[in-house]
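A, B, ... follow the sequence lines: proteins, then strands. Residue 1 opens every chain. Atom set for the values below is all heavy atoms of this structure, side chains included, hydrogens, waters and symmetry mates excluded.
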Amino acid sequence: MLQQTQVERVVPRYLDWLERWPSADELAAAAVADVIRAWQGLGYNRRGLNLHRAAQRVATEGWPDDLTELPGVGPYTAAAIGNFALGLDVLPVDTNVSRVQERTGHRFSPAAAQALMDLGATVCLARIPRCGVSSIRSAAEAVPLRRLVPATPRADVAPRDGVGASAGRPRPRGGPVPRPGRPRPAGPLWNESHTAVTVSDTRPWDNVTGA
DNA sequence: GTCCTGGCAT
DNA sequence: ATGCCAGGAC
């Protein structure tokens, strides 16, 4: 349900759904019409169908080792389930996480998954990154601007004025604004779900990688 | 890589 | 109103 649909929109539907079909077996036994009806309003009805089919497959053949064998489950969802539900050491790389990794040039450990997602969704935004309040700004500043801009300007994207519109070239993806590095105080990397991730004085992102 | 599809930014 | 975004399927 969380594919392309916001959490707030999903939660109540998810709870109702689990109350009605608490297990894969029970969902598998449901009529397709009921599944579609229960999915109404969540968008992308194909996901509801896929979920139903996946449940049927799990009901008959059990859980596959490779979750991407289930219909509707790609690399991202498989990694997300692996990390959050199964406790596996895999990093779900959605566009938010991908963007953070690109801008910092850093490979984060799976332990940082939740913090990375929230950072990418609330601070390291695609269009207008809030570098001023970013806890990993210093990491992004260490990345040459060259690596954040396409080699050739995209013809289909008009140049924009803005804070980072440097070098007379558009920054279609809105990369972070590089500045001279400067010491920053230690503090929590991120806040909302109280994930116990803290940063150090020198290389903040290393604490997050577990390196 | 392209297409799908609903949400979202502009 | 228009175009971009984003996981998945192919």
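- Sequence neighbours left out, not one pair with a member in residues 10-19 of chain A passes salt bridge (charged side-chain N to carboxylate O under 4.0 Å, His left out).
- Under the side chain to side chain contact (heavy atoms under 4.5 Å, CB included) criterion, A:Val11 pairs with A:Val7, A:Leu15, sequence neighbours left out.
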What does the list of N/O pairs under 3.5 Å between the protein and nucleotides 1-3 of chain B look like, with a distance for each?
none

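- For A:Trp17, the ring pair (Phe, Tyr, Trp, His ring centres under 6.0 Å) partners at least two apart in sequence or on another chain are A:Trp21, A:Trp39.
- When the P atom of C:dG8 is taken as reference, atom CD of A:Gln4 falls 8 Å away, rounded to whole Å.
- By the 4.5 Å heavy-atom criterion applied to side chains, A:Leu70 and A:Pro64 are counted as neighbours.
- Using a 4.0 Å cutoff on non-hydrogen atoms, the parts of residues 74-85 of chain A near DNA chain C are A:Gly74, A:Pro75, A:Tyr76, A:Thr77, ordered by number.
- Through direct or relayed side-chain contacts under 4.5 Å between Ile, Leu, Val, Met, Phe, Trp and Tyr, A:Val32 connects to A:Ile36, A:Leu49.
- The interatomic distance linking A:Leu125 (CG) with C:dA6 (C1') rounds to 16 Å, in whole Å.
- Residues satisfying the salt bridge (Lys or Arg N to Asp or Glu O under 4.0 Å) test with A:Glu61, not counting sequence neighbours, are A:Arg57.
- Taking atom CE of A:Met1 as the reference point, atom P of B:dG7 lies 15 Å away to the nearest angstrom.
- Here B:dT5 presents its C1' atom at 13 Å from CH2 of A:Trp39, a figure rounded to the nearest Å.
- Evaluation of the salt bridge (charged side-chain N to carboxylate O under 4.0 Å, His left out) test over residues 76-89 of chain A, restricted to residues two or more places apart or in two chains, returns none.
- If you measure from atom CD1 of A:Ile128 to atom C1' of C:dC4, you get 14 Å, rounded to the nearest angstrom.
- Judged as a side chain to side chain donor-acceptor pair (under 3.5 Å), the pairs with a partner in residues 74-84 of chain A (not counting sequence neighbours) are, in order, A:Gln3-A:Thr77.
- What separates CD of A:Gln6 from C1' of C:dG7 is a distance of 15 Å, to the nearest Å.
- Under the salt bridge (Lys or Arg N to Asp or Glu O under 4.0 Å) criterion, A:Glu26 pairs with no residue, sequence neighbours left out.
- Legend: residues meeting side chain to side chain contact (heavy atoms under 4.5 Å, CB included) with A:Asn96, ordered by chain and number and at least two apart, are A:Asp94, A:Arg99, A:Ala121.
- Shown here is A:Phe84, whose CZ atom has more than 12 heavy atoms of other residues, nucleotides or ligands within 6.0 Å.
- The residue A:Gln3 sits close only to the backbone: its heavy atoms come under 4.0 Å of sugar-phosphate atoms, none of a base.
- Near DNA chain B, meaning a heavy atom under 4.0 Å from it, residues 43-53 of chain A has A:Gly43, A:Tyr44 in order of number.
- Here the P atom of nucleotide C:dA9 and the CG atom of A:Leu70 are 10 Å apart, to the nearest Å.
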